[in-house]
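Note that ligands are numbered from 1 as they come in the structure, with each ligand's atoms numbered from 1 the same way.
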Amino acid sequence: MLMIIKLGGSVITDKNKYMTADKKNIARLAKEIAEARKKGKFDLIIVHGAGSFGHMPVKKHGIKEGVYNEKQRIGFADTNYSCSILSQHVVSALLKEEIPAIVVTPLTVLDHSDKKLKKFDTDVISALLKAGYVPVMRGDVVLDDVRGGSISSGDEQVPYLAKELHAQRVVYGVDVDGVFTADPKTNKKAKLIPLITKGNIGKVLHSLEEAKTHDVTGGMKGKINELLHNAVVPIHIVNARKPNYLKKMLMGDEVTHTKISLN
Ligand code: ADP
């Protein structure tokens with residue numbers, strides 16, 4: 001059984017502080033994943049968001065719309081460097097919990113064309129899984145044959161991986177309890193939507209506002225939009241800032257969250 005976990009940038013970084021990892025949370029989540037893995041015996045891919053290691057450098061260097069000159073190429077390389085540092089924090093915590101985590105740098109396996117996924121070669125990820133490793137991917141910059149370079153979010157990668165590699169369980173850890181009728185951080189009347197299906201997806205997308213953070217890849221709305229293309233298995237969105245929520249979700253226990261089932 002293959003499980004995919006997305007660790008949101010909102011959970012593993014302080015999204016408002018430049019290149020600031022939430023090491024405490026990363027360590028706790030690594031422990032939860034290790035505990036669930038010991039009990040459940042499943043293959044695992046971890047994809048982490050870039051948080052303040054990605055969105056802020058992209059803005060600072062002005063490369064959101066493309067990479068066309070040497071100054072922007074330095075910005076592209078600097079963003080890739082910065083995202084790789086966040087991966088090191090994540091992998092270091094996973095290794096401490098004896099999870100054999102190996103980073104697969106997005107630009108070595110996927111390309112964009114005009115900000116959209118053009119090619120994603122999952123062979124090395126399959127090979128790593130087969131050899132008993134836990135591949136780790138992340139939101140990062142990738143080459144783009146129209147714009148020179150663009151941003152591949154973890155939210156873009158996860159649904160593709162789930163479809164291509166036939167994942168049975170996909171869990172997104174974020175910093176809120178799931179998808180709400182409005183941003184729960186700014187609207188006290190926001191209500192949790194426990195189940196999103198083809199029947200209410202239109203309404204949900206309509207009510208979703210772009211997250212007012214430094215997110216350059218669309219926040220919660222971007223996340224759900226990506227699911228529309230490759231939704232083959234149900235996706236569970238859970239609050240990974242609350243202790244044991246991710247672990248319980250991985251083990252199939254019921255916790256408050258949003259399930260998105262679009263097939
Ligand atoms: P991550 O970077 O962890 O993947 P995102 O920033 O992309 O997370 O999405 C989670 C954020 O989306 C939350 O912090 C929340 O403030 C914001 N958000 C905006 N609208 C909604 C909504 N309707 N329901 C839930 N979260 C929302």
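Those atoms of ligand 1 with a heavy atom of P184 less than 4.0 angstrom away are 24 (N), 25 (C), 26 (N), 27 (C). Below 4.0 Å from some heavy atom of D175 lie the following atoms of ligand 1, by number and element: 13 (C), 14 (O). Close approach to S10 involves these atoms of ligand 1, each under 4.0 Å from a residue heavy atom: 1 (P), 2 (O), 3 (O), 8 (O).
Proximity of K6 to ligand 1, defined as any heavy-atom pair under 4.0 Å, is confined to the side chain (atoms from C-beta onward). Only the side chain of K185 comes within contact range of ligand 1, with a heavy atom under 4.0 Å; no backbone atom does.
Among L192, I193, V204, N187, the one residue that satisfies the side chain to side chain contact (heavy atoms under 4.5 Å, CB included) test with T181 is I193.
For the residue pair D78/H61, the side-chain donor-acceptor check at 3.5 Å is satisfied. Between the side chains of S152 and Q157, at least one donor N or O sits under 3.5 Å from an acceptor N or O. Donor-acceptor pairing under 3.5 Å is recorded for the side chains of D140 and N80. A side-chain donor from one of D145 and S113 sits under 3.5 Å from a side-chain acceptor of the other.
Backbone and side-chain nitrogen or oxygen atoms of T181 are examined, and none is located within less than 3.5 angstrom of a nitrogen or oxygen of ligand 1. Taking distance alone, with nitrogen or oxygen atoms compared against 3.5 Å, G9 approaches ligand 1 more closely than that limit. Note: no N/O pair closer than 3.5 Å links D155 and ligand 1 by distance alone.
Using a 4.5 Å cut-off between side-chain heavy atoms of Ile, Leu, Val, Met, Phe, Trp and Tyr, with links allowed through other members, L195 and L227 fall into different hydrophobic clusters.
Residue nearest to atom 25 (C) of ligand 1, selected from S207, A240, A182, G178: G178 (by heavy-atom distance). By heavy-atom distance, the residue among L208, I224, V179 lying nearest atom 22 (C) of ligand 1 is L208. Between D183, I193, N187, N239, it is D183 that holds the heavy atom closest to atom 17 (C) of ligand 1. When the options K191, H55, K223 are ranked by their closest heavy atom to atom 7 (O) of ligand 1, first place goes to K223.
Ring planes of H89 and F53: perpendicular class, angle over 60° (limits at 30 and 60°).
I224 has its side chain within reach of I260: a pair of non-hydrogen atoms, C-beta onward, lies under 4.5 Å apart.
Ligand 1 has at least one atom lying under 4.0 Å from a heavy atom of G219. Every heavy atom of K221 sits 4.0 Å or more from the atoms of ligand 1.
How far CG of L129 is from CD1 of I45: 5.0 Å, rounded to the nearest 0.5 Å.
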